[in-house]
Every structure is written in structure tokens, then in C-alpha cells.
Amino acid sequence: MTLSECGTHAFLAAEVAPWTTSEKALANRLYQRLRPDELLTADRLFYGFDAWALAAATGPTCQDGARQAMSVNQ
């Protein structure tokens, strides 16, 4: 799984694991690599309190496919 920049499609970070590891588990490892000045967009399969709480720790603005952008900074 990769954390990629939308404009250039550059990979910012990646997590690799056996096929038995879920995509959500890999995504959870990537959230810690987000920076406060970034916008995280996520598919609806990755939306949930646990995912947003992990992302909130680094302070980006988060948006999923069905909702407007919301700040998770506390």
C-alpha cells in the first residue's frame, strides 16, 4: 500500500506485507507518516473512528469519498 501525492502521483511512503495482511492494517501504518499540511483523502472502506483517530495524531485535514473535508486537529 502506498501514500501517494495526487498531482504528481509520487509515492511518499509505502508499506509491504504478506497477502494475509489487510489493507486497513497497512493503511494504519501509513497514517503516522502524514504531515499537518497534507490533505488525506480516503475511500469509504477506510473511513472509521479508529482510522481518523490515527490520522488525527499527525494533524492533516481528512476527507472521505462521501463527506466534506473536516479538520481533525484537536
Side-chain angles (χ1 to χ4, degrees):
M1 170 159 294
T2 63
L3 181 61
S4 303
E5 198 275 330
C6 288
T8 64
H9 300 232
F11 296 140
L12 304 175
E15 285 291 333
V16 180
W19 67 272
T20 55
T21 305
S22 73
E23 289 179 333
K24 287 185 178 184
L26 293 174
N28 288 344
R29 297 178 194 172
L30 289 171
Y31 293 138
Q32 66 188 353
R33 299 185 186 186
L34 294 168
R35 296 182 313 209
D37 63 339
E38 293 177 325
L39 170 66
L40 172 65
T41 58
D43 185 33
R44 65 181 151 208
L45 297 175
F46 295 94
Y47 181 75
F49 180 79
D50 293 336
W52 290 122
L54 288 170
T58 58
T61 298
C62 299
Q63 179 177 11
D64 76 352
R67 292 169 181 77
Q68 296 179 350
M70 59 184 187
S71 177
V72 293
N73 296 333
Q74 296 178 359

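Not measured: the values here are computed from a predicted model.
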- Task: Rounded to the nearest 0.5 Å, what's the gap from CG on L30 to OG1 on T2? Could you check?
- Result: 7.5 Å

- Message: Holding to salt bridge (charged side-chain N to carboxylate O under 4.0 Å, His left out), I want the full list of residues that pass it with E15, two or more places apart in sequence or in another chain.
- Response: R29, R33

- Contacts of type side chain to side chain contact (heavy atoms under 4.5 Å, CB included), residue T8, not counting sequence neighbours: E5, A10

- Note on the structure: Hits for side chain to side chain donor-acceptor pair (under 3.5 Å) against T21, two or more places apart or cross-chain, chain-then-number order -> none

